[in-house]
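First comes the structure, then the notes that go with it.
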Amino acid sequence: MYLDIINGVEDHVHCLIRLKTTQCVADVIGVLKGETSFWLNRNVILDEHFDWQDGYGVISVSPREVNGIRKYIYNQEAHHGDMSLNEEFKKLNFTKEINKPRPSGLS
């Protein structure tokens, strides 16, 4: 995988990742979460043991949107200084709220 940019705030991160057509999103996220938590805990970066929350969100972007997405990710602190991630999702008209379990049977 190619990790183009990563940035975040206290409760979440945003990444722009380029995947090969043969790569599965769930596998890539599993590797990303596994390797980063292993590295953080092994190197005692934090005062407490680090674990990722369950789940993740993925949004695909077209090549023409990449530069705008880079700027958006780079400026996470500014975006979330004024509103929470849920508030931002509502502003962007996403229909799902984060951190809410989906009813069984939905994919």
Checklist outcome for this item: Grouping ILVMFWY residues whenever side-chain heavy atoms fall under 4.5 Å, the cluster of V31 otherwise contains M1, L3, I6, I17, L19, V25, V28, I29, L32, Y56, V58
Checklist entry - About how many Å separate CG of L40 and CD of E48, when rounded to the nearest 0.5 Å? => result 13.0 Å
Checklist entry - Who are the side chain to side chain contact (heavy atoms under 4.5 Å, CB included) partners of S62, not counting sequence neighbours? => result R64, E65
Next on the checklist: Can you tell me how far apart CZ (R70) and CG (D4) are? Round to the nearest 0.5 Å.
Outcome noted: 4.0 Å
Checklist outcome for this item: Distance col, row N7:CG vs I73:CD1, nearest 0.5 angstrom, shows 8.0 Å
Checklist entry - Judged by atom type as modelled, is there a donor-acceptor pair below 3.5 Å linking the side chain of K33 to the main-chain atoms of G55? => result yes
Checklist entry - To the nearest 0.5 Å, what is the distance between CG (L16) and CD1 (I59)? => result 11.5 Å
Checklist entry - Quick one: ring pair (Phe, Tyr, Trp, His ring centres under 6.0 Å) partners of F50, sequence neighbours excluded? => result W52
Checklist entry - If you round to the nearest 0.5 Å, how far is CD of Q53 from NE2 of H12? => result 9.5 Å
Checklist entry - Linking I/L/V/M/F/W/Y whenever their side-chain heavy atoms sit closer than 4.5 Å, directly or via other members, would I5 and V13 fall into one cluster? => result no
Checklist entry - Honestly curious: do V44 and W39 fall in one hydrophobic cluster under the side-chain, below-4.5 Å linking rule? => result no
